[in-house]
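Notes for the one structure printed next.
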Amino acid sequence: MNRTRTCSLAAFALLFVASPANAHYLWISVDREPAKNVGTNIYFEEAPHPGDGSYLNHFLGKSDVWIRTIEHPNPTPILAVEMKQGDKRWMRTALPSTDEFSVDAYGKFGVYSYGQTKVLLHYYARTLSVDSHDAMHELGRAEQMDLDLLPHDEGDQFEFTLLWLGKPVAGRMVFVRGEDGFRKNTKTDASGRIQLQRPPNGDLTLRSSVEFSTPGEEAGEHYEKVRHNITLVLPKSAAADGP
């Protein structure tokens, strides 16, 4: 991965892993309320909303974040600042004044112990806001990230392909959540794909992972496995409008 280390952190959004911080994941969300400046919020929490940020230090100053738009499709590193409100803590950065964009992020958590097994954890997060089939095609692939969930829409169907180093990954669980209690847990097929009906409204979130039994050492700490986790948020515009 071509990681640019020039930002003090940046945009994240979805996370859900089974232990560091009680199933946390990296999440990216966007504020578009008229009373607020348009911006991207970055969380490392159990869900895509502010939390205590107790694990955020693992990503501060050493994470990569990119914003891509139709006009500027090449990954551009962005800066973010730490935000606090009461006992809540997260990161935030500005966002271009456009309705169609992809915010992509990567961060290395470090080594975490699952019982007697030590695992090196990596996190990837995306939020993809698009209003058309063409925009999804243009911004759907985050080529600068090792792990990606590539969306494709056709009619009332969504298709997602789990990619590791650009190649499809078969047999991995994908957890899909939506509005009104929508839930779907499914495995990628032989082509690394899952399919689902386009929800009638609301945001759509997905998470998945790949794992390797590759021992090594990180910051002087030995680990037995490496796990890469990804989350993808499709805001309601992408989930509601047709091609």
Side-chain angles (χ1 to χ4, degrees), residues 1 11-30 40-51 55-56 58-59 63-66 90-91 102-109 112 114 119-129 136 140-142 145-153 158-165 168-189 192-199 202-212 225-236 238-239:
M1 177 194 295
F12 299 72
L14 239 84
L15 286 192
F16 250 6
V17 81
S19 238
N22 300 320
H24 282 49
Y25 286 83
L26 205 55
W27 303 82
I28 301 171
S29 68
V30 173
T40 296
N41 295 317
I42 304 139
Y43 311 119
F44 187 76
E45 303 294 342
E46 297 177 41
H49 52 66
Y55 287 84
L56 199 60
H58 288 264
F59 304 101
S63 297
D64 297 324
V65 183
W66 307 267
W90 69 98
M91 300 293 294
S102 180
V103 181
D104 317 316
Y106 162 80
K108 184 191 295 184
F109 181 92
Y112 190 84
Y114 293 86
V119 183
L120 177 62
L121 298 174
H122 298 259
Y123 289 95
Y124 307 75
R126 300 188 61 197
T127 187
L128 176 63
S129 177
M136 181 173 287
R141 175 75 171 100
M145 301 211 307
D146 290 348
L147 184 62
D148 194 12
L149 269 170
L150 172 64
H152 175 75
D153 66 334
F158 269 136
E159 178 182 275
F160 297 90
T161 305
L162 183 65
L163 298 173
W164 171 250
L165 299 179
V169 185
R172 296 301 300 178
M173 289 298 302
V174 180
F175 303 90
V176 188
R177 300 293 182 265
E179 204 161 284
D180 301 323
F182 176 80
R183 298 169 62 90
K184 183 180 178 70
N185 301 336
T186 185
K187 280 188 177 181
T188 56
D189 63 16
R193 299 189 181 101
I194 67 163
Q195 293 181 326
L196 60 107
Q197 191 84 9
R198 180 192 295 269
D203 294 354
L204 194 64
T205 68
L206 300 90
R207 62 181 177 88
S208 190
S209 66
V210 295
E211 185 173 291
F212 306 98
K225 295 184 177 182
V226 180
R227 183 179 302 155
H228 298 259
N229 304 277
I230 187 167
T231 59
L232 170 65
V233 177
L234 291 179
K236 63 181 66 177

Can you tell me how far NE2 of H228 sits from CD of E211, rounded to the nearest 0.5 angstrom? 10.0 Å
What is the ring orientation for W164 with Y124, classed by angle as parallel under 30°, tilted 30 to 60°, or perpendicular over 60°? perpendicular
Partner of L204 under side-chain contact (heavy atoms from CB on, under 4.5 Å), chosen from L196, L232, V233: L196
Partners meeting side-chain hydrogen bond (donor to acceptor under 3.5 Å, both in side chains) with D180 (sequence neighbours left out): none
Please report the closest heavy-atom contact between L128 and P235, naming both atoms and the distance. O-CD, 2.9 Å
Listed by chain and number, what are the side-chain hydrogen bond (donor to acceptor under 3.5 Å, both in side chains) partners of Q195, not counting sequence neighbours? E159
Among D146, L149, V174, side-chain contact (heavy atoms from CB on, under 4.5 Å) partner for I230: L149
Taking the side chain from R172 and the backbone from S209, do they hold a donor-acceptor pair closer than 3.5 Å? yes
Heavy-atom closest pair, residues D148 and G140: OD2-O, 4.1 Å
Taking only residues two or more places apart in sequence or in another chain, which ones pass side-chain hydrogen bond (donor to acceptor under 3.5 Å, both in side chains) with S208? none
How many angstroms lie between CE in M145 and CG in L163, if you round to the nearest 0.5 Å? 10.5 Å
In terms of relative ring orientation, are H58 and Y55 parallel, tilted or perpendicular, with 30° and 60° separating the classes? parallel
Would you compute the distance between atom OG1 of T231 and atom CZ of F175 and round it to the nearest 0.5 angstrom? 13.5 Å
Residues Y43 and S29: closest non-hydrogen pair is CE1-OG, 3.2 Å
Might you point out which heavy atoms bring N185 and V176 nearest each other, and give the distance in Å? OD1-N, 4.4 Å
Could you pull out the closest heavy-atom pair between K187 and I194, with the gap in Å? O-CG2, 3.8 Å
Nearest heavy-atom approach of R126 to S102 is NH2-OG, 3.0 Å
How long is the span from the CD atom in E45 to the CG atom in L56, to the nearest 0.5 Å? 8.0 Å
Please work out whether the ring planes of F59 and F44 are parallel, tilted or perpendicular, with thresholds of 30° and 60°. tilted
Exactly one of Y123, F212, Y114, F109 clears side-chain contact (heavy atoms from CB on, under 4.5 Å) with R227, and that residue is Y114
Will you find, in the side chains of H122 and Y106, an N or O donor that is under 3.5 Å from an N or O acceptor? yes
What's the spacing between T205 OG1 and F182 CZ if we round to 0.5 Å? 10.0 Å
Side chain of T188, backbone of R193: donor and acceptor closer than 3.5 Å? no
With rounding to the nearest 0.5 Å, note down the distance linking OG1 in T127 to CG in L234. 7.5 Å
